[in-house]
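Here the structure is a predicted model, which is why all the values come from computation and not from measurement. By convention here, the first residue in the shown sequence is residue 1. Hydrogens, waters and symmetry mates are skipped; everything else that's a heavy atom, side chains included, is used.
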Amino acid sequence: MQRRTIKASDVESPGQLGEVLDGQGYLADEGLTTAAFLALRMGRPLLLEGEAGVGKTELARTLAAVLEAPLIRLQCYEGLDGPQVLYDWDFARQLLHLKAAEAAGVTDAARLEGEVYDRRFLIARPLLKAIETQPSVLLIDEIDRADVEFEAILLEVLSDFAISVPELGTIRAESPPVVVLTSNRTREVHDALKRRCLYHWLEHPSFEREVAILLRRLPACSEILARQVAGAAGRLRGAGLVKPPGIAESIDWTAALLTLGARELDPDLAAATLGALLKHREDHEAVLGGGLLGGHRG
């Protein structure tokens, strides 16, 4: 299918959005395309929750490709604070400017202060960069990994798409960025943040949808291999593993099998490439010891 791009304001229906996402190789179900459509048309952030590997981050990447907009990614982690996500002053350049002004004989303190706190010395971190870039897609990835206090920083940004800089005033977006927040739900996101967002829970894909995704993402994959991989991955998701495989792992596993020339899911080859699908030793032992790779669905 020919790849298509579109402006956010031109998206007329969830079905149309689904088609252009499909054109970029992202197969979304009706619930997800509806949530993404509403986020685009209403100018609201979209909070996506679900197991790791189900396509939350990939949706933001695909929206950026569809909209021909830069993807600005903020990867969350414990200890994240304002200067790392909003803005910071470039103290080294400010100091150089003061020294140059001093060498030129400038002694007006008010003038120097105004020059030092000029926009050119402000370093835009992801949130400010997204506000100043039109269009843009802002991905706030794994918000559940950040401290609860960090969410307070997001409230002004996601409410008004504005950032207050005491020395300069308030910087507002000419048009809101498309905002996608993701969470693996290792902790609950605060209600105040949720109220500012539209919400969607991503499930693992159905068997047939996973087959379709594998065939779309990996054109060299045979249908029988795609069906066998999707069937095996589906069984493993219900096996009580430490980290069940998501669609991202299914794609990696299939790519590994194709690299080794597989046309079908040979048990020995499946076991040898299991590291592309499962990332915990306990899961490897459970799968290999329990025969969970056998009985492939064709």
Side-chain angles (χ1 to χ4, degrees), residues 8 39 42-49 52 56-57 59-61 63-64 67 69-99 109-110 112-199:
M42 297 170 65
R44 295 281 298 279
L46 176 60
L47 172 60
L48 299 175
E49 287 194 327
K56 302 184 297 295
T57 299
L59 176 65
R61 292 196 185 102
L63 284 173
L67 300 171
L71 176 67
I72 300 172
R73 180 173 181 172
L74 171 56
Q75 178 62 52
C76 298
Y77 55 87
E78 187 176 353
L80 202 58
D81 60 16
Q84 295 168 306
V85 301
L86 294 169
Y87 65 87
D88 203 358
W89 289 103
D90 190 336
F91 295 116
R93 289 187 61 207
Q94 287 175 316
L95 183 59
L96 287 173
H97 179 77
L98 288 175
K99 288 183 176 180
L112 287 174
E113 183 177 358
E115 290 178 350
V116 165
Y117 288 106
D118 185 78
R119 177 62 187 85
R120 58 183 164 147
F121 297 119
L122 194 68
I123 302 172
R125 302 304 186 191
L127 296 182
L128 179 56
K129 187 180 297 183
I131 282 177
E132 292 188 318
T133 305
Q134 280 84 38
S136 66
V137 175
L138 172 62
L139 169 61
I140 303 175
D141 216 5
E142 298 184 320
I143 181 65
D144 53 318
R145 291 184 177 273
D147 301 319
V148 175
E149 292 77 11
F150 168 71
E151 295 180 23
I153 297 175
L154 297 177
L155 297 183
E156 178 187 18
V157 178
L158 299 186
S159 294
D160 305 321
F161 294 104
I163 291 176
S164 298
V165 182
E167 298 84 355
L168 296 178
T170 300
I171 301 175
R172 298 183 182 276
E174 294 180 11
S175 60
V178 176
V179 182
V180 176
L181 301 93
T182 75
S183 168
N184 296 332
R185 209 171 183 181
T186 57
R187 69 167 178 83
E188 285 291 337
V189 176
H190 198 277
D191 286 344
L193 183 58
K194 284 185 174 181
R195 282 196 298 271
R196 286 159 173 80
C197 304
L198 300 179
Y199 176 86

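Of all heavy-atom pairs between Gly43 and Phe161, the closest is O-CE1, 3.7 Å. Of all heavy-atom pairs spanning Ala60 and Val137, the tightest one is O-CG1, 3.8 Å. Across every non-hydrogen atom of Pro166 and Tyr87, the tightest pair is CD-OH, 3.3 Å. Taking each heavy atom of Glu132 and Arg119 in turn, the nearest pair found is OE1-NH2, 2.6 Å. In plain terms, the two heavy atoms of Leu138 and Leu127 that are nearest each other are CD2-CD2, 3.7 Å. Of all non-hydrogen atoms in Ile143 and Cys76, the two that sit nearest each other are CA-SG, 3.8 Å.
Using a 4.5 Å heavy-atom cutoff, the side chains of Ile72 and Pro177 are not in contact. In this structure, the side chains of Thr182 and Asp141 come closer than 4.5 Å at one or more pairs of heavy atoms. Under the 4.5 Å side-chain criterion, counting only non-hydrogen atoms from C-beta, Leu181 is not in contact with Val189. Using a 4.5 Å heavy-atom cutoff, the side chains of Arg73 and Thr57 are in contact.
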(message) With side chain to side chain contact (heavy atoms under 4.5 Å, CB included) as the criterion, how do Gln84 and Arg125 come out once you've worked through the C-alpha distance, each side chain's angles and the decisive distance to 0.1 Å?
(response) CA-CA 6 Å; Gln84 295 168 306; Arg125 302 304 186 191; 5.8 Å; no

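Take Phe121 and apply the ring-ring contact (aromatic ring centres under 6.0 Å, His included) test, not counting sequence neighbours, and it matches His97.
No option in Arg187, Arg145, Arg196 other than Arg187 meets the salt bridge (Lys or Arg N to Asp or Glu O under 4.0 Å) test with Glu151.
The pair Glu188-Lys194 counts as a salt bridge, with a side-chain nitrogen and a carboxylate oxygen less than 4.0 angstrom apart.
Asp144 contributes a side-chain N or O that, together with a main-chain N or O of Arg185, makes up a donor-acceptor pair within less than 3.5 Å.
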